[in-house]
> 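Structure provided below as structure tokens; questions to follow.
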Amino acid sequence: MRLTRYFLPVLKETPAEAQIVSHRLMLRAGMIRQSSAGIYSWLPMGYAVLRRIEEIVHQEQQRAGAIPVLMPTIQPADLWRQSGRYDAYGPEMLRIKDRHERDMLYGPTNEEMITEIFKAYCGSYRDVPKMLYHIQWKFRDEIRPRFGVMRGREFLMKDGYSFDVDHAAAIHSYNQMMAAYLRTFERMGLKAVPMKAESGPIGGDHAHEFLILAETGESGVFLDRTVVDLSLGGTAIDFDDRAQLQDIFDRWTAPYARTDDTHDEALFHSMVPEDRRVEARGIEVGHIFYFGTKYSEPLQALVTTPEGEKVPVHGGSYGIGVSRLVGALIEANHDDKGIIWPESVTPFAVGLVNLKQGDAAVDAACEDLYAKLAAAGLTVLYDDTDERAGAKFATMELIGLPWRLTVGPRGLKSGVVELACRRTGASEELSPDAAVAKLRAIYTGL
RNA sequence: CGGGGCGUAGCGCAGCCUGGUAGCGCGUCGGUUUUGGGUACCGAAGGCCGCGAGUUCGAAUCUCGCCGCCCCGACCA
């Protein structure tokens, strides 16, 4: 993409309304534009990151055996009356009427709807286990939206739902999602720690929240340092292997890790030696829980067992805050100059900077690199504007592309370009072809 | 929803107390200059001063009402 043809409305100054760093940087980098309180348009740069995050979530969900669907944003109120949540949900739920005065709502979540779908088609133990998920916009009319996309009213969420014949099978589904989430967040370069959670308004008991540690986190967290160092690394996971998944579950949930909602100071001290105790702040980016028959009973989602008995299915629900992750990633990856995208979610693999637009040799070298990078399968943002070097560098640093390839007359005289790493600030001079090869190597396997 | 603050050019702000036909910086456009870290200078465009009512000869400024946004708190992916 050529910057002269792109839409990248960067801001030199920080808009007054933005308080936290991710919100400020998203506005300055031209990623989002506020429409009203807690509701945003996603501009090209922001949308690109959002789609990359979505793609990772899709891949890891399906790897774990979940099946993608797409349910509507607008739901009929009757469905929620059946589960009893129409009245229970409160003013957070946006209630609307259609032209026939029928009560509708903009869905804050989809348990009722997915249960209704399951019930319509699945009635036998042979139909389970099933794990369905979708990535869809939700609306919760928060009293006070804030922090940009981290706490918006409209937000993009992955929510998945498991259906199993009994408790033991449901726990396996739960463990599948636990492993899928660990993989998902690791791929994004995030340290997300599963923490024991309260069941919350949805009910149930087997529940964990995934939090990434960040100074601006909304929750206080208390944890054993050892859990932060756990990593799946290249572990091959067989999602049908109950023992392996149970082992992963055990390893990640054994160390003490809780938010201030569930924190138990005495237990914390008894379980964790002082030198391993960490008190920090965290941002919740995912939530998994087993809720048993909470929805299947009132909605009469039953399956027949091999013995011919009809039993309510055991359900679990698994959320990832996809749009929130954009903000959370920035909270975890930035410096005083701007954003630093991990390679796995960056909107462009590399920024190509032409230091002397209009100079025949430099233009030609840039065009050549632009074509070769594209041929190597890399996405490129080519700054072909006639801005000065300082302005171009500042913009590249602000928008956070992980690698910058700088081409100028000075280096070109000796046949080199500069490849700079956004995260470390390190740079090296090498031939254009070597730069392409190095970038290709960096991005291989992501 | 309780408490506080703010709505003036695309963005950041001054002007309001003490009414008199709207200003600064950045950005944008044109020109000169500069050319490896947000260059300097010259010129220009751009605003029913959030909306409505009132007071007044006259309202960005005073009064009342409404709307929107932000911050603290309770609530949440």
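Residue numbers begin at 1 in each chain, while the letters A, B, ... track the order of the sequences.
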> For the residue pair A/Tyr181 and A/His208, is the inter-centroid distance of their aromatic rings smaller than 6.0 Å?
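No - the distance between ring centres of A/Tyr181 and A/His208 does not fall below the 6.0 Å cut-off.
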> Mark yes or no for a side-chain to base donor-acceptor pair under 3.5 Å between A/Glu13 and B/rG27, with no hydrogen or angle criteria applied.
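Absent.
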> Relative to the 5' end of RNA chain B, which residue comes earlier, A/Phe147 or A/Phe155, by the nucleotide with the nearest heavy atom?
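Closest to the 5' end, via its nearest nucleotide, is A/Phe147.
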> Quick one: label A/Gly319 by what it contacts on the DNA or RNA (base, sugar-phosphate, nothing), any heavy atom closer than 4.0 Å.
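Contact class for A/Gly319: none.
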> For A/Gln357, which contact category applies under a 4.0 Å heavy-atom criterion: base, sugar-phosphate, or nothing?
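Answer is nothing: A/Gln357 stays at 4.0 Å or more from every strand.
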> If the C1' atom of B/rU21 is compared with that of B/rC66, how far apart are they to the nearest Å?
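Straight-line distance between the two C1' atoms is 27 Å.
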> Say we look at B/rC51 and B/rA59: how far apart would their P atoms be, to the nearest angstrom?
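Taking atom P in both B/rC51 and B/rA59, they lie 15 Å apart.
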> What distance, rounded to whole Å, do you find between the two C1' atoms, one in B/rG27 and one in B/rA45?
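These two C1' atoms come out 13 Å apart once rounded.
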> Say we look at B/rC41 and B/rG25: how far apart would their P atoms be, to the nearest angstrom?
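11 Å, rounded to whole Å.
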> If every non-hydrogen atom of A/Pro9 is compared with every non-hydrogen atom of A/Leu43, which pair is closest and at what distance?
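So the minimum-distance heavy-atom pair works out to CG-CD1, 3.9 Å.
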> Grab the N/O contacts between the protein and nucleotides 31-35 of chain B below 3.5 Å, and write none if there aren't any.
unit_1: B/rU34; atom_1: O2; unit_2: A/Arg388; atom_2: NH1; d: 2.6

> Ring centres under 6.0 Å, that's the criterion: do A/His206 and A/Tyr174 meet it?
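So the answer is yes for these two rings.
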> Paired with B/rA77 by Watson-Crick or G-U wobble geometry, both distances under 3.5 Å: which nucleotide is it?
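Answer to the pairing question: none, since B/rA77 forms no Watson-Crick or G-U pair.
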> Suppose you measure atom C1' in B/rU56 against the same atom in B/rG50; what distance do you get, rounded to whole Å?
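Those two atoms are separated by 23 Å.
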> With a 4.0 Å cutoff (strictly under), does any side-chain N or O of A/Arg151 reach OP1 or OP2 of B/rC76?
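For B/rC76, neither OP1 nor OP2 has a side-chain N or O of A/Arg151 closer than 4.0 Å.
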> Under 4.0 angstrom, heavy atoms only, what part of the nucleic acid is A/Arg404 near: base, sugar-phosphate, or nothing?
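Result for A/Arg404 = base.
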> Considering Watson-Crick and G-U wobble pairs with both distances under 3.5 Å, what does B/rA22 pair with?
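Pairing partner, where one exists within any strand: none, as none qualifies.
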> Within this structure, what is the CD-to-P distance between A/Glu418 and B/rG37, rounded to whole angstrom?
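That distance rounds to 11 Å.
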> If you look at every strand shown and take non-hydrogen atoms under 4.0 Å, does A/Thr395 touch a base, only sugar-phosphate, or nothing?
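Contact class for A/Thr395: base.
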> Identify the nucleotide, in any strand shown, that forms a Watson-Crick or G-U wobble pair with B/rU39, with both distances under 3.5 Å; if there is none, say none.
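No nucleotide pairs with B/rU39.
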> When the nearest nucleotide of RNA chain B is assigned to A/Arg28 and to A/Leu156 on a heavy-atom basis, which residue is associated with the more 5' position?
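That would be A/Arg28.
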> Rounding to an integer number of angstrom, what distance separates B/rG3 and B/rG65 when you compare their P atoms?
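Those two atoms are separated by 15 Å.
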> In whole angstrom, give the distance that lies between atom CD of A/Glu142 and atom C1' of B/rC69.
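These atoms are roughly 17 Å apart.
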> Base, sugar-phosphate, or nothing for A/Gly327, non-hydrogen atoms under 4.0 angstrom?
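If one applies the 4.0 Å heavy-atom cut-off, A/Gly327 turns out to touch nothing in the nucleic acid.
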> If you look at every strand shown and take non-hydrogen atoms under 4.0 Å, does A/Ala394 touch a base, only sugar-phosphate, or nothing?
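Base contact.
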> Is the shortest side-chain N/O distance from A/Lys12 to OP1 or OP2 of B/rG27 below 4.0 Å?
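Answer yes for this pair, as a side-chain N or O of A/Lys12 is under 4.0 Å from OP1 or OP2.
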> Just call it for A/Ala389: base, sugar-phosphate, or nothing, with non-hydrogen atoms closer than 4.0 Å on any strand.
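Sugar-phosphate: the residue A/Ala389, judged by heavy atoms under 4.0 Å, touches backbone atoms but no base.
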> Out of the candidates A/Tyr6, A/Trp403, A/Trp341, only one should pair with A/Phe348 under the ring pair (Phe, Tyr, Trp, His ring centres under 6.0 Å) rule; please name it.
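Per the ring pair (Phe, Tyr, Trp, His ring centres under 6.0 Å) rule, the option paired with A/Phe348 is A/Tyr6, out of A/Tyr6, A/Trp403, A/Trp341.
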> Verify whether one side chain among A/Glu111 and A/Ser317 offers a donor that lies under 3.5 Å from an acceptor in the other.
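Their side chains do contain a donor-acceptor pair, which is all the 3.5 Å distance test asks for.
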> Consider only side-chain N and O atoms of A/Gln62 and A/Tyr133, and report whether a donor and an acceptor are under 3.5 Å apart.
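Present: a donor and an acceptor within the cut-off.
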> Looking at B/rA14, which nucleotide sits across from it as a Watson-Crick or G-U wobble partner, both distances under 3.5 angstrom, or is there none?
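Pair assignment: B/rA14 / none.
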> With a non-hydrogen cut-off below 4.0 angstrom, is A/Leu11 in contact with a base, only sugar-phosphate, or nothing?
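Answer is nothing: A/Leu11 stays at 4.0 Å or more from every strand.
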> For B/rU63, what is the paired nucleotide under Watson-Crick or G-U wobble rules, both distances under 3.5 Å?
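B/rA53 - that is the nucleotide pairing with B/rU63, both distances being under 3.5 Å.
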> Please determine if A/Arg258 forms a cation-pi arrangement with A/Phe268, meaning its NZ or CZ atom is less than 6.0 Å from the six-membered ring centre and no more than 45° off the ring axis.
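Verdict for A/Phe268: no cation-pi partner in A/Arg258.
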> Quick one about A/Glu418 and A/Thr406 (side-chain donor to acceptor, distance below 3.5 Å, no hydrogens or angles considered), yes or no?
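Yes, side-chain donor-acceptor contact under 3.5 Å.
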> If you measure from the ring centre of A/Phe393 to the centre of the six-membered ring in the base of B/rG38, is it under 5.5 Å, with the planes under 30° apart?
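Stacking is absent between B/rG38 and A/Phe393, given that the ring centres and planes do not meet under 5.5 Å and under 30°.
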> Which nucleotide wins on minimum distance to the side chain of A/Gln19, given the candidates B/rC69, B/rC71, B/rG37?
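In terms of side-chain proximity for A/Gln19, the closest of B/rC69, B/rC71, B/rG37 is B/rC71.
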> Measure from CD on A/Glu218 to P on B/rC71 and round the result to the nearest Å.
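Atom CD in A/Glu218 sits about 14 Å away from atom P in B/rC71.
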> Using a heavy-atom cut-off of 4.0 Å across all strands, would you classify A/Arg33 as base, sugar-phosphate, or nothing?
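Since no nucleic acid heavy atom lies under 4.0 Å of A/Arg33, the category is nothing.
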> Evaluate ring-ring contact (aromatic ring centres under 6.0 Å, His included) for A/Phe291 paired with A/His314, printing each intermediate quantity in order.
CA-CA 7 Å; A/Phe291 51 66; A/His314 286 248; over 10 Å; no
> OP1 or OP2 of B/rC72 versus the side-chain N and O atoms of A/Arg146: is any pair under 4.0 Å?
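Checking A/Arg146 against B/rC72: at least one side-chain N or O falls below 4.0 Å of OP1 or OP2.
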> Do A/Asp433 and A/Ser431 meet the criterion of a side-chain donor-acceptor pair at a distance under 3.5 Å?
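Side-chain D/A pair, A/Asp433 to A/Ser431: absent.
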> Please determine, by modelled atom types, if A/His287 and A/Tyr318 share a side-chain donor-acceptor pair under 3.5 angstrom.
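No donor-acceptor contact under 3.5 Å links the two side chains.
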> When you get a sec, tell me which of B/rC69, B/rG73, B/rC76 is the closest nucleotide to the side chain of A/Arg324?
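For A/Arg324, the side-chain atoms sit closest to B/rC76.
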> Atom CG of A/Asp141 and atom P of B/rC75: how far apart are they, to the nearest Å?
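One finds 17 Å between P of B/rC75 and CG of A/Asp141, rounded.
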> Looking across every strand, which nucleic acid part, if any, lies under 4.0 Å from A/Gly411 by heavy atom: base, sugar-phosphate, or nothing?
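Base: the residue A/Gly411, judged by heavy atoms under 4.0 Å, touches a nucleobase.
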> Does B/rC70 have its OP1 or OP2 closer than 4.0 Å to a side-chain nitrogen or oxygen of A/Gln34?
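Indeed, a polar side-chain atom of A/Gln34 lies that close.
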> Base, sugar-phosphate or nothing for A/Glu17? Non-hydrogen atoms, less than 4.0 Å.
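Sugar-phosphate: the residue A/Glu17, judged by heavy atoms under 4.0 Å, touches backbone atoms but no base.
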> Please report, rounded to the nearest Å, how far the P atom of B/rG36 is from the CG atom of A/Asp359.
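Distance, rounded to whole Å: 12 Å.
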> When both hydrogen-bonding distances must be under 3.5 Å and the geometry is Watson-Crick or G-U wobble, what is B/rC6 paired with, if anything?
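Answer to the pairing question: B/rG68, which forms a Watson-Crick or G-U pair with B/rC6.
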